[in-house]
Amino acid sequence: MSSITRINNLKNDFTSSEKKIADFIIDNVDMVYNSTASELGNLTNTSPASIIRFSQKLGYEGFQELKIALAKEVHHNELDEDKIYEKITIHDSMNDIVNKLAAESINAIKNTVKLVDEKVLSDAIKAISSARRINIYGVGGSSLVAQDLQYKLVRIDMPAYIHTDNHLQLVSAANITNKDVAIAFSHSGKTIETYRAMEISKQRGAKTISITRFGKNPISDLADIKIYTTEVERTLRMGAIASRIAQLTIVDILFIGIVKNNFSNIPGYIQQTSDILKEFKIDK
């Protein structure tokens with residue numbers, strides 16, 4: 001019997017706290033199997049002890065065994081040969097695809113906003129605004145989001161740098177100082193190239209900021225400031241889609257926060273760059 005089936009069959013026997021845990025697991029399976037008992041306790045307004053007792057009530061030795069069962073079920077569901085991406089199958093019409101993709105993107109934004117910690121964002125904005133140099137790391141789909149942040153920061157005359165070549169990324173990390181900031185984008189939080197650049201930056205004394213999926217992961221463990229996005233894309237056959245939307249939401253929030261805190265100088269920079277770029281527009 002699957003863990004979700006066990007939960008559904010035991011619902012009438014759950015206490016009020018256990019019902020909160022059960023409902024959260026059913027709605028957020030992908031987030032749960034990447035969380036600790038303490039993290040899930042916070043998310044459900046219960047406690048780590050409640051999470052462990054709940055797992056044991058389902059017939060597992062503890063929460064770790066429940067997480068393994070949930071991960072196996074997710075993996076099994078991913079093997080559906082008809083599935084292209086998340087809830088989209090080869091049998092869907094184009095209208096279905098449009099609506100399902102839109103819904104996934106909207107959910108990614110909404111669920112990411114729920115994870116936003118105002119103080120953490122304020123700390124990140126303050127660190128970026130006062131940095132002598134801003135190194136931004138990311139590979140694959142995350143590098144596209146990293147480039148978007150760099151573009152925004154450069155437009156307002158902030159010293160932001162990104163290197164798509166992994167060797168240059170490590171070299172830039174080696175030259176960073178305690179007056180600088182290193183920002184890492186990695187949805188999984190396990191990308192080894194990004195991890196290594198962050199590790200070197202940390203050793204060099206830079207302030208480190210991570211943007212990763214929610215939950216414990218190697219890259220966020222290195223960071224002084226941890227920003228989380230929602231866990232998405234159990235089926236990564238089509239590349240990062242919703243995770244990119246979630247990361248871009250954080251980029252926009254950080255950028256607007258930086259603009260707000262430095263508003264006396266910002267409009268001039270944006271107007272100046274806009275005037276220069278007008279030369280490359282077709283005027284018809």
Side-chain angles (χ1 to χ4, degrees), residues 4 7 20-35 39-40 42-45 70-71 73-75 77-78 80 82-122 124-125 138 140-149 151-152 183-189 191 209-215 217 220 226-260:
I4 297 299
I7 291 171
K20 285 197 290 185
I21 296 168
D23 290 339
F24 188 90
I25 290 175
I26 290 171
D27 292 336
N28 305 275
V29 174
D30 48 349
M31 185 182 292
V32 171
Y33 73 78
N34 283 305
S35 300
E39 288 167 345
L40 184 55
N42 288 333
L43 288 168
T44 56
N45 293 316
L70 288 169
E73 288 174 42
V74 170
H75 176 69
N77 291 337
E78 288 173 7
D80 182 353
D82 287 345
K83 185 180 283 188
I84 301 174
Y85 171 78
E86 289 295 329
K87 299 173 184 176
I88 299 173
T89 74
I90 59 174
H91 307 294
D92 287 331
S93 67
M94 185 52 64
N95 186 58
D96 291 332
I97 292 171
V98 169
N99 289 324
K100 287 183 178 181
L101 274 177
E104 287 294 324
S105 296
I106 291 167
N107 285 334
I109 294 171
K110 285 182 176 179
N111 291 331
T112 292
V113 168
K114 289 177 184 177
L115 295 173
V116 165
D117 184 310
E118 187 174 336
K119 183 181 184 308
V120 170
L121 286 175
S122 296
I125 289 165
S142 291
S143 73
L144 301 176
V145 182
Q147 287 176 56
D148 184 62
L149 176 59
Y151 177 80
K152 285 179 166 64
I183 306 173
F185 287 89
S186 171
H187 178 63
S188 69
T191 310
I209 302 171
S210 65
I211 295 99
T212 70
R213 63 160 180 79
F214 179 80
N217 61 75
S220 68
K226 311 172 199 297
I227 300 174
Y228 294 113
T229 61
T230 188
E231 171 67 79
V232 292
E233 280 150 0
R234 295 184 295 277
T235 57
L236 217 55
R237 296 182 182 180
M238 301 302 290
I241 297 178
S243 64
R244 187 182 69 248
I245 298 297
Q247 289 176 333
L248 285 169
T249 299
I250 295 298
V251 166
D252 288 342
I253 291 171
L254 289 174
F255 178 69
I256 295 300
I258 291 167
V259 169
K260 175 180 176 293

**Prompt:** How would you list, by chain and number, every residue that makes a side chain to side chain donor-acceptor pair (under 3.5 Å) with Thr249, sequence neighbours excluded?
**Reply:** none
**Asked** Who are the side-chain contact (heavy atoms from CB on, under 4.5 Å) partners of Ala124, not counting sequence neighbours?
**Response** Ile209, Ile225, Ile227, Leu254
**Pairing residues for Thr191 by the side chain to side chain donor-acceptor pair (under 3.5 Å) criterion, not counting sequence neighbours** = Ser186
**Minimum-distance pair of heavy atoms, taken over all atoms of His187 and Ser142** = N-OG, 3.8 Å
**Asked** Residues in side chain to side chain donor-acceptor pair (under 3.5 Å) with Thr112, at least two apart?
**Response** none
**Request:** Kindly write out the residues that satisfy salt bridge (charged side-chain N to carboxylate O under 4.0 Å, His left out) with Lys152, not counting sequence neighbours, or none if the list is empty.
**Result:** Asp148, Asp252
**Prompt:** Any side-chain heavy atom of Ile25 within less than 4.5 Å of one from Ile4?
**Reply:** yes
**Request:** Could you point out which residue of Leu149, Thr229, Leu115 forms a side-chain contact (heavy atoms from CB on, under 4.5 Å) with Ile250?
**Result:** Thr229
**Complete:** Between Arg244 and Val145 the two heavy atoms that sit nearest each other are CG-CG2, 3.6 Å
**Item:** Qualifying residues under side-chain contact (heavy atoms from CB on, under 4.5 Å), relative to Asn95, sequence neighbours excluded
**Value:** Ser93, Asn99
**Asked** At their closest point, which heavy atom of Ala108 faces which heavy atom of Thr230, and how far apart are they?
**Response** O-CG2, 3.5 Å
**Item:** Donor-acceptor under 3.5 Å (Asp117 side chain, Val120 main chain)
**Value:** yes
**Request:** For residues Thr44 and Asp23, determine if any side-chain heavy atom of one lies less than 4.5 Å from a side-chain heavy atom of the other.
**Result:** no
**Asked** Which atom names give the shortest non-hydrogen contact between Tyr228 and Phe214, and what distance separates them?
**Response** CD2-CA, 3.5 Å
